[in-house]
Protein chains: 2
Amino acid sequence: MNPEIKERFNAFLKSKNLRQTDQREVIFKAAFATDDHFTAEDLLAKTKAIDPTTSRATVYRTISLLIDAGLLREIDLGGDLKHYDPNFNDHPNHAHLICVDCGKVIEFSDDNLSVIEDCIVRRMGFRPSSSSLRVEACCEQLRQSGTCPDLINARLVRKKVPMR
Amino acid sequence: MNPEIKERFNAFLKSKNLRQTDQREVIFKAAFATDDHFTAEDLLAKTKAIDPTTSRATVYRTISLLIDAGLLREIDLGGDLKHYDPNFNDHPNHAHLICVDCGKVIEFSDDNLSVIEDCIVRRMGFRPSSSSLRVEACCEQLRQSGTCPDLINARLVRKKVPMR
DNA sequence: TTGGGTGCAAATCGTTTGCAACAGA
DNA sequence: TCTGTTGCAAACGATTTGCACCCAA
């Protein structure tokens with residue numbers, strides 16, 4: 001995990017006169033240990049694996065802090081739960097492709113796409129500040145062979161496949 | 001309002017052995033009277049304006065039906081409430097630009113964008129089925145003149161500006 | 001010391017559901 | 001008639017909040 005992110009969190013806390021607590025430390029670690037996205041409940045579980053005494057309320061409150069600090073982003077994976085993505089620090093403009101067959105989530109980014117999007121928005125008289133793209137798609141493997149390796153997990157679990 | 005959409009709804013109901021009821025009629029009318037997007041609560045209000053006896057439960061149930069029928073799409077406007085967009089029938093690939101200053105929502109679509117997106121996803125081995133793009137941006141007018149005509153409505157109300 | 005932080009449990013709020021009465025086909 | 005449909009109120013589930021106690025600075 002990129003140590004610079006932790007620096008930024010500490011700086012953010014200081015700038016707002018907020019405190020560096022053990023709980024915030026643990027939740028931060030849990031959130032950025034991998035670049036997997038997660039729900040609030042996922043993060044509570046990851047956190048409790050490190051320190052079982054951490055409360056759900058504090059996890060929610062810390063998620064808000066991390067978002068305010070610009071370190072975490074809420075992403076729309078199309079389900080009913082909110083998902084959070086800790087990977088925008090390393091890949092600022094990535095989008096999400098969701099396999100409608102197995103629920104796999106694949107991150108991708110493309111400069112041509114970013115540039116075109118930027119142009120269109122500017123031509124409309126705006127200055128882009130953030131964008132979020134989600135594509136749902138079927139995998140060719142399933143289409144051709146009638147099966148998909150991850151089909152068992154379909155819909156319920158949205159597994160992440162990291163960027164390149 | 002495009003009368004063909006109503007046909008499609010009726011055909012959908014028939015195909016599923018579902019019934020054409022007065023409530024579904026009224027809710028449908030309320031949803032497609034304009035091409036404005038709405039929340040469930042918005043739709044309940046629009047519906048009650050026509051027939052005050054319609055219940056919240058039926059509105060929610062009918063929204064699900066309209067989505068299953070492919071006539072209505074859930075869209076992500078970034079807030080906490082789910083929004084629904086009845087305008088994908090006339091503009092199948094449109095995206096949403098949200099002004100971070102006044103909350104205005106502007107629909108747009110662009111063929112270059114659609115094509116590039118399609119190419120990228122296919123190159124990754126998938127066949128695209130649906131995509132959702134939301135861009136947040138600041139309006140130049142605010143940046144230059146320090147004011148924006150709709151600033152008063154900032155954040156809370158997300159007003160819609162229709163396509164072209 | 002002191003103002004922010006925490007855990008707990010209760011409250012909130014959008015959405016779903018069980019059920020008895022109702023109504024298309 | 002036979003099912004699907006409705007309204008109501010209760011249930012649900014994710015998230016937020018009030019509060020008394022706790023602790024970083």
Side-chain angles (χ1 to χ4, degrees), chain A residues 6 9-31 37-48 50-69 72 74-84 156 158, chain B residues 6 9-31 37-48 50-69 72 74-84 156 158:
Chain A
K6 185 65 198 311
F9 187 38
N10 292 344
F12 172 81
L13 291 175
K14 183 164 283 179
S15 78
K16 298 264 182 185
N17 274 320
L18 303 176
R19 292 174 187 167
Q20 238 176 293
T21 65
D22 291 351
Q23 290 88 338
R24 285 174 182 166
E25 194 84 10
V26 170
I27 295 166
F28 178 91
K29 266 197 194 118
H37 53 241
F38 48 79
T39 63
E41 210 60 25
D42 290 341
L43 184 54
L44 176 63
K46 288 172 181 234
T47 301
K48 291 216 167 193
I50 307 176
D51 176 358
T53 69
T54 316
S55 76
R56 173 174 283 106
T58 299
V59 167
Y60 276 100
R61 288 188 272 234
T62 303
I63 288 175
S64 296
L65 277 185
L66 290 168
I67 289 176
D68 289 349
L72 195 61
E74 195 181 315
I75 57 171
D76 169 30
L77 295 183
D80 280 335
L81 293 82
K82 287 182 185 169
H83 287 255
Y84 302 95
L156 292 180
R158 322 213 101 161
Chain B
K6 185 67 198 312
F9 187 39
N10 293 344
F12 172 81
L13 291 175
K14 183 165 284 181
S15 77
K16 298 263 184 187
N17 275 318
L18 303 176
R19 291 174 187 165
Q20 237 175 294
T21 65
D22 291 351
Q23 290 89 338
R24 285 174 182 164
E25 195 83 10
V26 171
I27 295 166
F28 178 92
K29 266 198 193 117
H37 53 241
F38 49 79
T39 64
E41 210 60 25
D42 290 341
L43 184 55
L44 177 63
K46 288 173 180 231
T47 301
K48 291 216 166 191
I50 306 175
D51 176 358
T53 69
T54 315
S55 74
R56 174 175 281 105
T58 299
V59 168
Y60 275 101
R61 289 188 271 235
T62 304
I63 288 175
S64 296
L65 277 184
L66 291 169
I67 289 176
D68 289 348
L72 195 61
E74 194 181 315
I75 56 171
D76 170 30
L77 295 183
D80 280 336
L81 293 82
K82 286 182 186 169
H83 287 255
Y84 302 95
L156 292 179
R158 321 213 102 162

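Chain A is the first sequence line, chain B the second, and so forth, proteins listed ahead of strands; every chain is numbered from 1.
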Any residue meeting side-chain contact (heavy atoms from CB on, under 4.5 Å) with [X], in chain and number order, not counting sequence neighbours:
| X | result |
| --- | --- |
| Ala57(B) | Ser55(B), Arg61(B) |
| Lys82(B) | Asp80(A), Glu74(B), Tyr84(B) |
| Thr21(B) | Arg19(B), Gln23(B), Arg24(B) |
| Asp51(A) | Val26(A), Thr53(A), Thr54(A) |

> Where do Ala40(B) and Val59(B) come nearest, in terms of heavy atoms and distance?
Replying inline: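 That would be O-CG1, 3.9 Å.
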> Do you know the tightest heavy-atom contact between Leu65(B) and Phe12(B)?
Replying inline: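 Smallest interatomic distance, heavy atoms only, reads O-CE2, 3.8 Å.
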> Is the phosphate of dT6(D), meaning OP1 or OP2, less than 4.0 Å from a side-chain N or O of Ser55(B)?
Replying inline: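 Indeed not, no polar side-chain atom of Ser55(B) lies that close.
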> Within the pair Arg24(B) and dG4(D), is there a side-chain N or O less than 4.0 Å away from OP1 or OP2?
Replying inline: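 No, because none of the side-chain N or O atoms of Arg24(B) sits under 4.0 Å from OP1 or OP2 of dG4(D).
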Could you state the interatomic distance from [atom1] ([X]) to [atom2] ([Y]), rounded to the nearest 0.5 Å?
| X | Y | atom1 | atom2 | result |
| --- | --- | --- | --- | --- |
| Leu72(A) | Phe9(A) | CG | CZ | 10.0 Å |
| Lys14(A) | Asn10(A) | NZ | CG | 8.0 Å |
| Lys48(A) | Ile27(A) | NZ | CD1 | 10.5 Å |

> Can you tell me how far P of dT5(D) sits from NZ of Lys16(B), to the nearest Å?
Replying inline: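 Roughly 12 Å, once rounded to whole Å.
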>> In whole Å, I'd like the distance from the CG atom of Asn17(B) to the C1' atom of dC2(D).
In response: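 Roughly 12 Å, once rounded to whole Å.
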> What pairs meet the salt bridge (charged side-chain N to carboxylate O under 4.0 Å, His left out) rule with one or both residues in residues 37-46 of chain B, with sequence neighbours excluded?
Replying inline: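 Non-adjacent pairs meeting salt bridge (charged side-chain N to carboxylate O under 4.0 Å, His left out): Glu41(B)-Arg56(B).
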> the helix from dT1(C)-dA25(D) to dA25(C)-dT1(D): angle between its terminal axes, five pairs each, to 10°?
Replying inline: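 End-to-end axis angle for the helix from dT1(C)-dA25(D) to dA25(C)-dT1(D): 40°, rounded to 10°.
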>> Students should find this one: the first and last nucleotides of DNA chain C, 5' to 3', lying under 4.0 Å from a heavy atom of chain A. What are they?
In response: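 The contact span of chain A on DNA chain C goes from dG3(C) to dC8(C).
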> Which letters describe nucleotides 15-25 of chain D, given B = protein heavy atom under 4.0 Å from base, S = only from sugar-phosphate, - = neither?
Replying inline: BBBB----BBS
